[in-house]
S.K.: 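The structure that follows is given in the form of structure tokens.
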Amino acid sequence: MERKVRVRFAPSPTGPLHIGGVRTALYNYLFAKKHGGDFLLRIEDTDQTRFVPGAEEYIIEAFNWLGIKFDEGVGVGGDFGPYRQSDRKPMYKEYAEQLLNSGWAYYAFDTTEELDTVRKEFEQEKKNFQYDCNTRGYLRNSLSLSKEEVDTLLRNNIPYVVRFKFPKDTEIHINDLIRGDVKMNSNLLDDKVLYKSDGMPTYHLANIVDDHLMNISHVIRGEEWLPSCPLHVMLYKAFGWEETMPEFAHLPLLLKPDGNGKLSKRDGDRLGFPVFPLQWTDPKTGDVSSGYRESGYLPEAVINILALLGWNPGTEQEIFTLDELIDIFLIERISKSGAKFDLEKAKWFNHQYLQLMPNNKIAEQYLSILKEKNIDICLEYVEKIVGLVKERCNFVADLWEQSSFFFVKPESYDEKVIKKRWKEDTAQRLNEIAELLNSIDDFNVEKTEHEVHSFIEEKELNMGQIMNCLRLSIVGEGKGPNLFEIISLIGKEESLERINTAIDRIGKNE
RNA sequence: GCCCCGUUCGUCUAGCUGGCCUAGGACGCAAGAUUUUCAUUCUUGAAAUCAGGGGUUCGAAUCCCCUACGGGGUACCA
């Protein structure tokens with residue numbers, strides 16, 4: 001029988017989650033849902049020194065915003081808990097002991113200082129120190145020391161770590177779902193610490209134990225884990241869990257768009273685009289890093305952007321709902337090379353999603369921006385404006401730039417337009433137009449448009465002689481949607497007032 | 001240094017089992033059309049000698065090897 005798909009996203013709460021992490025989670029989620037499986041959130045907080053308060057809550061809130069739901073884990077519960085590794089602390093020791101007893105691991109009593117000294121000695125000889133099959137023989141561990149010595153050290157509570165004993169001359173194969181067969185020779189690998197002197201497991205031990213206990217079927221994680229994957233594979237073997245060892249898939253990394261290197265949390269706002277899903281305030285320094293949510297990105301757009309950064313369905317479709325993504329997601333189609341984030345394309349995606357969003361929803365958000373500007377206005381009016389200008393916006397916040405003239409009169413008039421369009425007879429013509437508009441009782445788009453156009457025809461003028469300056473007087477600039485839509489929305493009185501003000505202020509332009 | 005992974009337009013990428021590739025799409029860029037204007041939209045265009053060099057083959061972006069470059073790892077961090 002096919003094993004049920006169970007995948008996990010396992011961040012460590014060392015700060016805000018960056019978009020690379022979000023993408024990893026997204027791919028896990030898509031894979032799980034595609035196969036009718038479970039998606040769990042496990043918090044890997046084995047390094048107590050790097051714990052950052054608020055990080056866990058941040059992670060949960062971020063996925064909440066994005067609409068990615070966990071089936072199990074921190075914040076949701078489940079049958080395989082606890083899902084926070086610090087809460088699982090007592091259980092790791094027995095697994096470390098199991099390896100100790102079976103000879104797959106050994107005690108090491110070397111202090112950090114001792115190891116540093118050895119490292120320096122190696123460096124001086126231009127050699128690289130590694131705690132491995134070649135060096136463990138003369139370091140202080142249960143392999144080099146006599147049984148009595150080891151017992152004495154343990155009895156006296158001398159701090160120790162447990163290290164994995166990598167076998168010699170073994171070729172370790174990883175069958176990666178994305179990269180295929182990857183092999184490494186065990187002689188080049190070092191005896192990693194599995195269990196720290198503070199009584200906590202390292203990532204490697206905790207990860208394998210938890211994945212096993214939680215019945216994880218597939219491990220989908222960043223490429224930075226590929227080098228330590230042989231250790232993980234060997235651990236499954238050492239525990240005798242080979243039969244249920246998950247399949248591995250190592251994702252390409254998200255790279256910095258400017259220089260080189262992988263995108264990191266520290267890149268923050270340096271790059272001109274958010275690196276985090278939500279805004280984050282560093283609890284220690286108070287530094288604020290911008291987030292996609294606060295920058296006006298729609299969650300659906302962020303998901304779409306991330307999904308296509310390193311994966312594509314092989315068709316020419318580019319806009320996908322989450323459900324569509326689940327439907328067509330194939331892990332084999334994830335690319336092997338790292339991807340750089342493209343800000344322009346990200347904006348384009350958000351533009352697409354903004355157009356898809358109902359006007360009243362956009363209007364609700366715009367209303368709160370207007371409120372901040374002390375503009376108190378009804379939703380229906382704003383909704384109409386949104387319908388008129390949203391196609392020129394990438395973000396809800398762009399609406400103001402495109403529609404402020406609906407709410408406030410022009411304070412100045414674009415000099416370039418005046419120079420180009422405001423002629424000697426313009427003031428006179430606009431007076432006539434004002435008069436004409438004033439005579440219209442049914443002040444709607446069709447009527448005003450018809451009347452003004454007839455006027456232009458009758459006087460044998462061309463559109464350019466009237467329309468541009470009329471727009472200038474209403475908007476203050478030579479831009480914006482259909483002018484008759486604008487005047488019908490702001491109303492007759494306001495329109496006339498603006499025309500008269502413009503005539504007064506620009507005058508004859510002599 | 002050593003180990004591992006990668007390398008197609010500026011960017012994201014299609015191309016996987018070699019011939020349909022004079023290398024396709026998208027973003028961005030340029031031009032034109034539409035518009036009273038700006039933007040949107042539409043059309044067209046420029047843009048990769050497929051990192052370089054060797055093979056294999058009638059034929060290679062696609063297979064093999066070497067080199068270069070990029071990335072990752074090399075912690076009692078994850």
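The sequence lines fix the lettering, A, B, ..., with proteins before strands; numbering per chain opens at 1. Keep in mind that the numbers below use all heavy atoms, side chains included, and drop hydrogens, waters and symmetry copies.
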S.K.: B:A75 P sits how many Å from A:Leu189 CG, rounded?
M.R.: 12 Å
S.K.: Of A:Glu223 and A:Trp348, whose nearest nucleotide on RNA chain B comes first from the 5' end?
M.R.: A:Glu223
S.K.: Any side-chain N or O of A:Arg333 below 4.0 angstrom from OP1/OP2 of B:G15?
M.R.: yes
S.K.: Quick check for you: among B:A26, B:C3, B:C27, whose closest atom lies nearest to any side-chain atom of A:Asp342?
M.R.: B:C27
S.K.: Does any donor-acceptor pair link the side chain of A:Thr202 with the base of B:C76 at a separation under 3.5 Å?
M.R.: no
S.K.: Any donor-acceptor pair under 3.5 Å linking the side-chain atoms of A:Arg333 with those of A:Asn312?
M.R.: yes
S.K.: Would you check if there is a donor-acceptor pair between the side chains of A:Tyr203 and A:Asp47 at a distance under 3.5 Å?
M.R.: no
S.K.: Counting side-chain heavy atoms from CB outward, which of B:U11, B:G72, B:G28 is closest to A:Leu253?
M.R.: B:G72
S.K.: A:Met184 CE to B:C5 P: how many Å, rounded?
M.R.: 7 Å
S.K.: Check the phosphate of B:C3 against A:Lys183, side-chain N and O only, distance under 4.0 Å to OP1 or OP2. Yes or no?
M.R.: no
S.K.: Under 3.5 Å, is there a donor-acceptor pair linking the side chains of A:Ser86 and A:Asp45?
M.R.: yes
S.K.: Scan A:Pro11 against the nucleic acid and name what it touches under 4.0 Å (heavy atoms): base, sugar-phosphate only, or nothing.
M.R.: nothing
S.K.: How do A:Lys192 and A:His453 order along RNA chain B: which one's closest nucleotide is nearer the 5' end?
M.R.: A:His453
S.K.: Using the side-chain heavy atoms of A:Val182, tell me which of these nucleotides is nearest: B:C77, B:C5, B:A75.
M.R.: B:C5
S.K.: Is there a side-chain contact between A:Ser335 and the phosphate of B:U13, meaning an N or O under 4.0 Å from OP1 or OP2?
M.R.: yes
S.K.: By the 4.0 Å heavy-atom rule, please label A:Gly222 as base, sugar-phosphate, or nothing.
M.R.: nothing
S.K.: For nucleotides B:U40 and B:C77, find the distance between their C1' atoms and express it as a whole number of Å.
M.R.: 49 Å
S.K.: What interatomic distance, in whole Å, is found between P of B:A33 and the corresponding atom of B:C38?
M.R.: 12 Å
S.K.: Specify the separation, in whole Å, of atom CG of A:Asp198 and atom P of B:C76.
M.R.: 12 Å
S.K.: Give the nucleotide from the list B:C27, B:C5, B:C76 with an atom nearest to the side chain of A:Glu344.
M.R.: B:C27
S.K.: Need one value for A:Asp132: base, sugar-phosphate or nothing, where a base atom within 4.0 Å counts as base even if backbone is also close, heavy atoms only.
M.R.: nothing
S.K.: State whether A:Lys262 places a side-chain N or O below 4.0 Å from either non-bridging phosphate oxygen (OP1 or OP2) of B:G73.
M.R.: yes
S.K.: Could you check whether A:Met467 gets within reach of a base, just the sugar-phosphate, or nothing at all, counting any heavy atom under 4.0 Å?
M.R.: base
S.K.: Side chain of A:Leu483 only, please: which of B:C77, B:G71, B:U36 is the nearest?
M.R.: B:U36
S.K.: Touch check for A:Ser197, heavy atoms < 4.0 angstrom, all strands: base, sugar-phosphate only, or nothing?
M.R.: base
S.K.: Taking the side chain as every heavy atom from C-beta outward, state whether A:His250 and A:Cys229 have any pair of such atoms under 4.5 Å apart.
M.R.: yes
S.K.: Please measure how far the P atom in B:G71 lies from the corresponding atom in B:A23, and state the result in whole Å.
M.R.: 30 Å
S.K.: Hey, does the side chain of A:Arg163 come within less than 4.0 Å of B:C76's phosphate (OP1/OP2), counting only N and O?
M.R.: yes
S.K.: Base, sugar-phosphate alone, or nothing: which one does A:Arg179 contact when heavy atoms must sit under 4.0 Å apart?
M.R.: sugar-phosphate
S.K.: Among B:U36, B:A78, B:C4, which is the nearest nucleotide to the side chain of A:Tyr203?
M.R.: B:A78
S.K.: Should the pair A:Arg42 and A:Phe9 be classed as cation-pi, given the thresholds of under 6.0 Å to the six-membered ring centre and 45° from the axis?
M.R.: no
S.K.: Would you check if A:Phe276 and A:Val22 make a side-chain contact, meaning some heavy-atom pair closer than 4.5 Å?
M.R.: no
S.K.: Please give the distance between the C1' atoms of B:G59 and B:C20 as a whole number of Å.
M.R.: 14 Å
S.K.: According to the Watson-Crick and G-U wobble definitions, with both distances under 3.5 Å, which nucleotide is paired to B:C27?
M.R.: B:G10
S.K.: Would a 4.5 Å heavy-atom cut-off, applied to side chains only, mark A:Asp110 and A:Tyr131 as touching?
M.R.: yes
S.K.: Tell me which nucleotide among B:U74, B:U13, B:U37 gets nearest to the side chain of A:Ala339.
M.R.: B:U13
S.K.: Considering only the C1' atoms, how many Å lie between B:U11 and B:A48, rounded to the nearest integer?
M.R.: 13 Å
S.K.: For B:C2, which nucleotide is its Watson-Crick or G-U wobble mate, given both distances must be under 3.5 Å?
M.R.: B:G73
S.K.: In whole Å, what separates the P atom of B:C42 from that of B:G25?
M.R.: 15 Å
S.K.: Between B:U13, B:A78, B:G73, spot the one nearest the side chain of A:Thr46, thanks.
M.R.: B:A78
S.K.: Nearest to the A:Thr112 side chain among B:U37, B:G71, B:C76, which nucleotide is it?
M.R.: B:C76
S.K.: What's A:Asp45 touching, base or sugar-phosphate or nothing? Going by heavy atoms closer than 4.0 Å.
M.R.: nothing
S.K.: With respect to A:Asp191, which candidate in A:Arg136, A:Arg163, A:Lys165 satisfies the salt bridge (Lys or Arg N to Asp or Glu O under 4.0 Å) definition?
M.R.: A:Arg136
S.K.: Any base atoms under 4.0 Å from A:Asn128, or only sugar-phosphate, or nothing? Heavy atoms, all strands.
M.R.: base
S.K.: Looking at the side chain of A:Lys336, which of B:C12, B:G6, B:G71 is the nearest nucleotide?
M.R.: B:G6
S.K.: Provide the distance between the two P atoms, one in B:G54 and one in B:A60, to the nearest whole Å.
M.R.: 13 Å
S.K.: Within the pair A:Lys345 and B:G25, is there a side-chain N or O less than 4.0 Å away from OP1 or OP2?
M.R.: no
S.K.: Find the distance A:Asn207:CG to B:C77:C1' and express it as a whole number of Å.
M.R.: 13 Å
S.K.: According to a strict under-4.0 Å criterion, is A:Asn312 in side-chain N/O contact with OP1 or OP2 of B:A14?
M.R.: yes
S.K.: Roughly how far apart, to the nearest Å, are B:A61 and B:G52 at atom C1'?
M.R.: 14 Å
S.K.: Okay, side chain of A:Lys262, backbone of A:Leu253: is any donor-acceptor separation there less than 3.5 Å?
M.R.: no
